[in-house]
Trainee: 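Dropping the structure in here first, questions after.
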Amino acid sequence: MERLKQILQRIDGKGYKAYRDIAGSYAGDGFVLHIDHVQADPFAAPSRIRVAFGGKETAADPEWLRTRCRRIAVEDFFARSIADSIRRYGIRPVGHGKSGMIAVDRPGQEVLPRTAVKVEEHGIEVRLSVGLPAAGRTVLGQEAARMLCESVPAILRQALFRYDRTRLRAHWELADQQEAIRAFLQARGYAAFVANGSVLPRESGISDRPMQGREAVPFRSPASLEVEIPLPHREPIRGMAIRNGVTLIVGGGYHGKSTLLKAIERGVYNHIPGDGREYVITDDSACKIRAEDGRRVEKVNISPFISNLPFGKDTRRFSTEDASGSTSQAANIMEALEMGTKLLLIDEDTSATNFMIRDARMQALVAKRKEPITPFVDKVRKLYEQHRVSTILVLGGSGDYFHAADTVLMLDEYEPVDVTEEAKRIARQLDDGRKPEGGDSFGDVTPRVVLPGSFDATRGKREKADAKGLSKIVYGTHEIALDLVEQLVDPSQTRAIACMLTALAKTYADGRTTLREMVDRLYAAVGEQGLEAVSPYDGHPGDLALPRKYELAAALNRLRTLNVKG
Ligand code: ADP
Ligand code: MG
């Protein structure tokens with residue numbers, strides 16, 4: 001670190017480019033500082049540094065590394081701890097641009113595998129972004145020395161040595177419990193679990209934090225759907241378990257239907273203690289399906305839902321630059337099935353009505369041969385019986401699904417009531433008068449092979465694959481819009497998707513392997529080597545968090561240049 005100080009002294013007052021000289025590794029007291037990337041100017045993307053602590057104090061407790069989910073939880077804990085420590089340290093801006101900034105990739109409400117912190121047997125490595133201080137474009141060497149040699153080590157010592165041990169333990173014990181619930185659901189044929197006492201509503205429409213205070217009505221399972229799950233580190237937990245099959249969530253407007261579904265949709269991820277949804281656990285292959293008119297579709301077999309389009313357009317290999325509500329929803333389902341989902345989540349609020357229902361009167365007026373759409377109501381049962389894919393659907397506006405449902409749940413002032421028997425009785429007494437239109441079989445899910453050249457990220461001489469916030473990726477000369485991919489939850493996942501797309505293009509797409517197989521192979525590599533395997537950088541891998549394969553595929557499917565074989 002003395003050497004670093006000397007370099008900084010020497011370049012003090014020089015042009016910003018002189019900062020290049022500090023790239024390298026420096027040994028400090030109990031740590032090694034790696035300066036992996038030096039920003040080109042004070043306004044450019046910040047510099048990337050790593051700090052590796054290797055002393056006895058940061059040696060991992062063997063308990064932390066016993067399982068993958070524990071390691072992820074512990075790394076997540078330290079990332080939060082570092083973010084808190086940075087905030088408490090109170091960094092003041094010292095110059096221009098990003099001068100003086102120190103940041104870690106702070107997680108949100110979900111606990112995701114991320115590159116911010118790496119915990120290993122012998123120590124902890126932290127990945128930070130810093131803004132090297134400048135006045136205008138002049139190096140502020142003194143300030144830089146203070147930041148790198150004093151502030152950064154002080155912040156990290158606070159975060160890594162003086163954290164609350166009870167809270168860390170609670171963090172990974174929760175991960176154990178969440179994993180136990182997942183295993184229980186899988187073994188017993190359940191799709192989702194919502195614990196009694198869960199707080200599902202959020203603070204506001206733009207916040208992911210729990211609603212505070214007495215207004216929030218805690219979840220309580222109807223007796224008929226209640227199960228008890230034994231958990232490690234605590235007493236058993238009770239709550240509502242939704243069986244595999246077809247589940248309908250009904251109830252009056254504003255009674256909490258969408259809020260419940262949203263919580264279930266997020267239950268594919270683990271949440272932090274205090275989130276309110278930490279014991280809401282969903283089959284992690286669950287895919288939220290919605291209408292997304294305007295999206296592009298590339299040779300997807302949507303024939304289970306759509307056929308006989310005007311002008312004989314082929315729906316076994318359906319492509320469009322501008323999907324309609326119903327065709328986009330059909331494509332979203334078929335793409336999720338292609339990737340192997342076992343659970344679809346659908347909300348009437350974000351669905352195309354003509355995709356969901358077609359009632360008796362409409363059947364009488366518009367003949368089947370004039371209507372390309374086979375509504376979901378005629379397929380939902382077959383999807384489960386023939387493909388073992390369950391559906392949970394929010395539908396307050398039509399009783400046509402009653403006969404197809406295994407379970408009907410009614411929300412009454414945010415309280416769920418099991419109304420299955422009543423709904424079945426009503427379905428028997430009040431005939432919906434519909435003629436089933438779905439045929440005998442659900443239809444085929446057709447695997448696709450993507451052509452490698454069709455998602456090349458080069459732009460001019462360079463390669464470009466950058467995330468812009470949560471829902472946009474600039475890829476080559478195109479943009480990928482992910483605004484309506486609702487289970488993408490963290491901008492670091494979006495950054496990872498950008499990297500993963502280029503990895504797919506460069507090493508996994510060979511013009512023969514199917515999309516799903518190719519993605520599975522990439523995930524196998526990431527499972528073994530971590531997200532570092534897809535990072536374009538050496539050293540500091542960038543701020544990445546693992547997306548699910550469904551969101552990665554969703555990004556590829558929305559790329560406007562994508563070309564599928566055949
Ligand atoms: P629906 O889909 O049935 O029309 P929503 O799920 O959109 O209803 O919920 C309507 C409103 O009620 C939202 O503002 C939501 O935050 C709030 N809400 C939902 N569940 C609860 C609850 N358990 N306690 C308090 N408020 C809730
Ligand atoms: Mg709603």
Side-chain angles (χ1 to χ4, degrees), residues 108-110 192-223 225-226 237-242 246-268 271 274-282 286-293 325 329 332 343-357 376-377 380 391-402 405 407-420 422-423 483-487 489:
Q109 295 300 102
E110 285 83 15
F193 174 77
V194 184
N196 293 343
S198 296
V199 174
L200 309 186
R202 299 293 94 188
E203 190 172 67
S204 77
I206 50 161
S207 162
D208 202 24
R209 302 158 90 91
M211 182 185 278
Q212 303 289 338
R214 281 209 309 250
E215 275 158 81
V217 178
F219 189 84
R220 203 173 66 204
S221 173
L225 300 177
E226 194 168 273
I237 194 165
R238 302 184 70 85
M240 179 178 81
I242 296 181
V246 178
T247 305
L248 213 55
I249 302 173
V250 303
Y254 219 72
H255 279 249
K257 302 184 296 298
S258 296
T259 303
L260 172 59
L261 192 76
K262 191 98 206 159
I264 291 173
E265 171 186 325
R266 291 298 179 93
V268 299
H271 289 86
D275 174 81
R277 301 167 298 185
E278 58 269 48
Y279 295 114
V280 179
I281 300 290
T282 306
C287 285
K288 174 70 179 292
I289 299 296
R290 56 168 297 157
E292 194 180 343
D293 49 305
Q329 196 162 356
N332 284 345
L343 177 61
L344 302 179
L345 306 172
I346 302 180
D347 192 330
E348 62 183 350
D349 291 353
T350 49
S351 290
T353 307
N354 60 345
F355 180 79
M356 298 304 290
I357 50 177
F376 192 64
V377 65
V380 64
T391 303
I392 301 177
L393 112 146
V394 166
L395 203 70
S398 167
D400 285 4
Y401 276 79
F402 287 176
T407 308
V408 183
L409 199 64
M410 181 171 78
L411 283 183
D412 182 4
E413 296 179 346
Y414 314 133
E415 288 234 5
V417 186
D418 181 357
V419 295
T420 311
E422 211 176 333
D483 311 74
L484 302 184
V485 178
E486 296 181 77
Q487 286 164 299
V489 295

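Nothing here was measured: the structure is a model prediction, and the numbers come from that model. Position 1 is the first residue of the sequence, and the numbers go up from there. Whatever order the structure lists them in is the order used to number ligands and atoms, beginning at 1.
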Trainee: With a 4.5 Å cut-off on side-chain heavy atoms, are Gln329 and Arg290 touching?
Mentor: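 With C-beta onward as the side chain, the pair stays apart.
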Trainee: Mark up the atoms of ligand 1 that fall under 4.0 Å of a heavy atom belonging to Gly253, in ascending order.
Mentor: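 Those qualifying, in numeric order: 4 (O).
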Trainee: Specify the protein heavy atom at minimum distance from atom 15 (C) of ligand 1: its residue, its atom name, and the distance to 0.1 Å.
Mentor: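 The answer is Thr259 OG1, 3.7 Å.
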Trainee: Taking the six-membered ring for Trp, are Phe376 and Phe355 parallel (under 30°), tilted (30 to 60°) or perpendicular (over 60°)?
Mentor: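 If you compare the ring of Phe376 with that of Phe355, the planes turn out parallel.
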Trainee: Distance check below 2.8 Å: does Asp349 bring an N, O or S atom to the Mg ion (ligand 2)?
Mentor: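 Checking the Mg ion (ligand 2) against Asp349, an N, O or S atom does fall under 2.8 Å.
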Trainee: Can you tell me if an N/O/S atom from Ser258 lies under 2.8 Å from the Mg ion (ligand 2)?
Mentor: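 It does; at least one qualifying atom falls short of 2.8 Å.
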Trainee: Suppose we measure from atom 7 (O) of ligand 1 to each protein heavy atom; which comes out shortest, and what is that distance?
Mentor: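 Looking at atom 7 (O) of ligand 1, the protein heavy atom closest to it is Ser258 CB, 4.0 Å.
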Trainee: Could you pull out, from Glu415, Arg214, Glu215, the option with a heavy atom nearest to atom 25 (C) of ligand 1?
Mentor: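 It is Glu215 whose heavy atom sits nearest to atom 25 (C) of ligand 1.
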Trainee: Mark up the atoms of ligand 1 that fall under 4.0 Å of a heavy atom belonging to Met211, in ascending order.
Mentor: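 Once the distances to Met211 are compared, the set is 16 (O), 25 (C), 26 (N).
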Trainee: In a check of side chain to side chain contact (heavy atoms under 4.5 Å, CB included) between Pro222 and each of Val419, Leu409, Val417, which one passes?
Mentor: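 Among Val419, Leu409, Val417, the one that satisfies the side chain to side chain contact (heavy atoms under 4.5 Å, CB included) with Pro222 is Leu409.
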Trainee: Considering residues, nucleotides and ligands other than Arg238, do more than 12 of their heavy atoms fall under 6.0 Å from its CZ?
Mentor: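 Counting other residues, nucleotides and ligands, CZ of Arg238 exceeds 12 neighbours.
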Trainee: When you measure from atom 14 (O) of ligand 1 to every protein heavy atom, which one gives the shortest distance, and what is it?
Mentor: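 Result: Tyr254 OH, 3.4 Å.
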Trainee: What do you reckon, does Gly252 put a non-hydrogen atom under 4.0 Å from ligand 1?
Mentor: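 Judged by the 4.0 Å heavy-atom criterion, Gly252 does count as contacting ligand 1.
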Trainee: Can you find a non-hydrogen atom of Ala216 under 4.0 Å from ligand 1?
Mentor: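 Contact check Ala216 vs ligand 1: positive.
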Trainee: Could an N or O of ligand 1 be found under 3.5 Å from any N or O of Val217, whether backbone or side chain?
Mentor: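 Yes, at least one N or O pair falls under 3.5 Å.
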Trainee: Could you tell me which non-hydrogen atom of Gln487 sits nearest to which non-hydrogen atom of Cys287, and how far apart they are?
Mentor: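 Heavy atoms only, the tightest pair is OE1-CA, 3.4 Å.
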Trainee: In terms of residue, atom name and distance, what is the protein heavy atom nearest to atom 18 (N) of ligand 1?
Mentor: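 For atom 18 (N) of ligand 1, the nearest protein heavy atom comes out as Tyr414 CE2, 3.4 Å.
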Trainee: Do ligand 1 and Arg202 have nitrogen or oxygen atoms that lie under 3.5 Å from each other?
Mentor: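 Not met; the criterion fails.
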Trainee: Applying side chain to side chain contact (heavy atoms under 4.5 Å, CB included), run through Val489 and Arg266 and close with a yes or a no.
Mentor: CA-CA 9 Å; Val489 295; Arg266 291 298 179 93; 3.4 Å; yes
Trainee: Should Gly256 be counted as touching ligand 1, given the test is an N or O pair under 3.5 Å?
Mentor: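 Among all N and O atoms of Gly256, at least one is under 3.5 Å from an N or O of ligand 1.
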Trainee: Decide yes or no for Asp208 and Arg277: does some side-chain heavy atom of the first lie under 4.5 Å from some side-chain heavy atom of the second?
Mentor: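 A side-chain contact under 4.5 Å exists here.
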Trainee: Quick one: does Ile392's side chain get under 4.5 Å of Leu261's, heavy atoms only?
Mentor: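 SC-SC contact between Ile392 and Leu261 confirmed.
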Trainee: Is any side-chain heavy atom of Glu265 closer than 4.5 Å to a side-chain heavy atom of Thr282?
Mentor: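 Answer no - side chains too far apart.
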